[in-house]
Amino acid sequence: MSDTILKADGLKKHFHLGGGFMAETKLVRAVDGVSIEVRRGETFAIVGESGCGKSTLARLLMRLLEPTEGAIEFEGRDIAGIRGRDLRELRRDMQFVFQDPFSSLNPRMSVGKLVGEPIETHRPGLSRAQRRQEVARLLSTVGLRPEHADRYPHEFSGGQRQRIGIARALASNPRLVIGDEPVSALDVSVQAQVVNLLHDLKSELDMTLVIIAHDLAVIRHMSDRVAVMYLGQVVESGPTDEIFANPRHPYTMALLSAIPEAAHGRARTRLALSGETPSPAAPPSGCRFHTRCPFAREDCATRIPELGAATQESRVACHYWQEIAADRPAAGLTPAAGLSEGAQRRFALYEAATQATTPHPRTAANAEA
Amino acid sequence: MAVFLIYRLVRLQIICHQSCIGLRMGSAMVPGRIVDEGDRRDMDRPLLQVEKLKFRFRGQSQDVVEDISFRVGRNETLCIVGESGCGKSVTALALMGLLPRDSVRFGSGEIRFDGESFAPSDHDRIAAMRGDRMAMIFQEPMTSLNPAFRIGDQIAEAVEQHRKCGKAKARERAVEMLRRVGIPAPEQRMGEYPHQLSGGMRQRVMIAMALANDPELLIADEPTTALDVTVQAQILELIAELQAETGMGTIMITHDLGVVAEIATDVAVMYAGQVVEYGPAEAIFNDPQHPYTIGLMASVPSLTGPRRRLSTVPGSVPGIGQMPEGCRFSSRCPFAAPVCASRPDLAEIAPGHRAACHFAPLDQRLERRA
């Protein structure tokens, strides 16, 4: 289990902004020295707020962007500089699911064409009839019906379109799928369908999943390990359960304490952050979080913290995490009583009825089509 | 889609012109009203009461919103929850009189604001209160501020219109409001344009503008959806603080059950244009009775406790015109039975707690059925 499928080392991506006639260009450090390791068979999550560079990182890992600096290894092979046929081969093994199911599908192509296209590219040996069969198989894998192949994207709801996007990603039998906010454009009830689908597919097809998201509840639900990003850098990483129970970086603490939870009357001590994320074009000196950190000290503005080992599994980039942890023993989410009895009973009733009425959960999406 | 476009257009126009065109009539309300009003207030009387509100858009065969009833008291927060397309935003727009007159047809309904009764189609009288006694903040702070005017001028304009005060007074009030919503160096910020502010700051400006005339009712339509969680926490706290200060009633429209749990005193759950469950927040969270409420809550991944497989609500919301007969949720409901072909009433199952389901209260009825 412990072999690494994808590894980034000191990854940087800087963009030049502006630079009109005689104007100076601004350097935006979207991703600034990120090192992560994704293990085979796990779900790895990257979490952060808007502008933290998580989507840029996903595009770098996927080689949709070329890194300014740093190395990316996929199954032990450096892929930071590959092009041409090698890159095409890489795309077969590594696929992407996009956030917006409305703009990521070509409205002029039928679903059969959309899903058939990657099959054509990556498995050119298949005949037309075989390809059609394969499309039908993929569609039923993601919970759509084979006859949907003749329809067009606008005929589908958001959740169904995301399923089409997933079918496309699966077409080349990838070993790694990267999802950039794969469920955040969907309504909660539909979001749950897609979360469950990704979970099932992962175990059925023996894939590794990298999920980029801003919704911590979704992350906790889906992932085994997580990396928290702030302004282009990873501030904390480790096993999901450990980080949620015992966050060490003040930013992670604040992020966790800021999420309102859907349960009544649960008072929580909130670690409030003042202000908003600074621009990645002019990141603060020293520790990038020091301008908003409630525990910041003088030297935080000058000394850059390294992402160092906190335990065997987890790493944190803060000078004072040990002292902060000593002062604030219960920084994580208290595994409180959970749901009230009434709600639990009702959920059980509902779940039992759902099981009884839909024999296979995956067919859920078909109900309305 | 067309409907959606209309909302967007309306939103934009209203925001740009809110304070300058339709609202002159409202300025009969004199400044300082809030202070000397205590004697007029009847504490038993809800601030806002909506009865059987029902309307459709011209050319449509079914109502977008059907028989919506709820009430909001002073100092209370009613959350209207539902997924996209359930009619929660149109309901708010209708209350504010912001739906275009000639494209909407009201079937029935009554709005009582502080004891006064209005027909929902009475645009002029509603317009007179809008921006003054009731105010609204919108989801996208990007598009709801006018990009061509300085934020100070935009806030001052709203004050000037309603309070009939001079420019200088209005600007003073604008600075005061900016300070109250936590914008640092308000005097300088007055001269900035919306694009110079971050999303969170823009939303603060929107709040400052909405609250500049001390409204008694604030309607907030997904005010934090476009914001990051840490900023969302700041904004929710700000609204709560201002509410505690002014005692205003708040209607918060949201799809985020976490936000609801945090701020609601009462909750109305909407599905496909109907209120399917209504009651005190505690009852909704601890004793949910409508299958849709339960499905919605069970499909939210939890932050604590053991990780379980998420429950789902199968399928998706049927389009207008494809609604099933009777209970509109019956096409997706795991408990659906032949009886669901007739429409259930929003019946009271416990004091103040109503659910529109033939099987509510679920525990007893379903057990009996099994």
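Letters go in sequence order (proteins before strands), and every chain restarts at 1. Please read these numbers as outputs of a predicted model, since none were measured by experiment.
For Pro288(B) against Ala343(A), the heavy-atom pair with the smallest separation is CD-CA, 4.0 Å. Shortest non-hydrogen contact noted between Phe335(B) and Ala353(A) is CE2-CB, 3.3 Å. Thr354(A) approaches Pro334(B) most closely through the heavy-atom pair N-CB, 3.7 Å. Considering all non-hydrogen atoms of both residues, Ala258(A) and Thr230(B) come closest at CB-CA, 4.0 Å.
Atom-to-atom distance recorded for Leu303(B):CG and Ile259(A):CD1 is 4.5 Å, nearest 0.5 angstrom. To the nearest 0.5 Å, the span separating CD on Glu351(A) from CZ on Arg308(B) amounts to 8.0 Å.
Using a distance-only test at 3.5 Å, with no hydrogens or angles considered, a donor-acceptor pair links the side chain of Asn196(A) to the main chain of Leu310(B). For the pair Glu262(B) (side chain) and Glu261(A) (backbone), a donor-acceptor distance under 3.5 Å is absent.
Between Glu49(A) and Leu227(B), every side-chain heavy-atom pair lies at or beyond the 4.5 Å cut-off. Counting heavy atoms from C-beta outward, His221(A) and Ser302(B) have side chains that stay 4.5 Å or more apart.
Ranked by heavy-atom pairs under 4.5 Å with chain A, the first of Pro184(B), Ala264(B), Gly182(B), Ser299(B) is Ser299(B). Chain B forms the most heavy-atom pairs under 4.5 Å with one residue out of Ala192(A), Gly159(A), Gly342(A), and that residue is Ala192(A).
In this structure Val47(A) satisfies the side chain to side chain contact (heavy atoms under 4.5 Å, CB included) test together with Leu216(A), Ile219(A), Val226(A), Val228(A), sequence neighbours excluded.
Of the atoms belonging to Pro318(B), not a single heavy atom falls under 4.5 Å from chain A. When heavy atoms are compared at a cutoff of 4.5 Å, Gln232(B) approaches chain A solely by way of its side chain, counted from C-beta outward. With a 4.5 angstrom heavy-atom cutoff, Val229(B) touches chain A via backbone and side-chain atoms both.
Screening residues 281-299 of chain B for salt bridge (charged side-chain N to carboxylate O under 4.0 Å, His left out), with sequence neighbours left out, gives Arg346(A)-Asp287(B).
Contacts between residues 192-202 of chain B and chain A, counted as heavy-atom pairs separated by less than 4.5 Å, involve Ser198(B), Gly199(B), Gly200(B), Met201(B). Taking non-hydrogen atoms and a 4.5 Å limit, the residue list of residues 182-190 of chain A in contact with chain B, ordered by number, reads Asp187(A), Val188(A), Ser189(A), Val190(A).
Thr312(B) and Gln193(A) are not linked by any side-chain donor-acceptor pair at a separation below 3.5 angstrom, with hydrogens and angles left out of the test.
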From CA spacing to verdict: side-chain contact (heavy atoms from CB on, under 4.5 Å), Val313(B), Tyr350(A):
CA-CA 10 Å; Val313(B) 183; Tyr350(A) 182 89; 3.6 Å; yes
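Under a cut-off of 6.0 angstrom, the local environment of CD in Glu325(B) is sparse, with at most 12 non-hydrogen atoms contributed by other residues, nucleotides or ligands.
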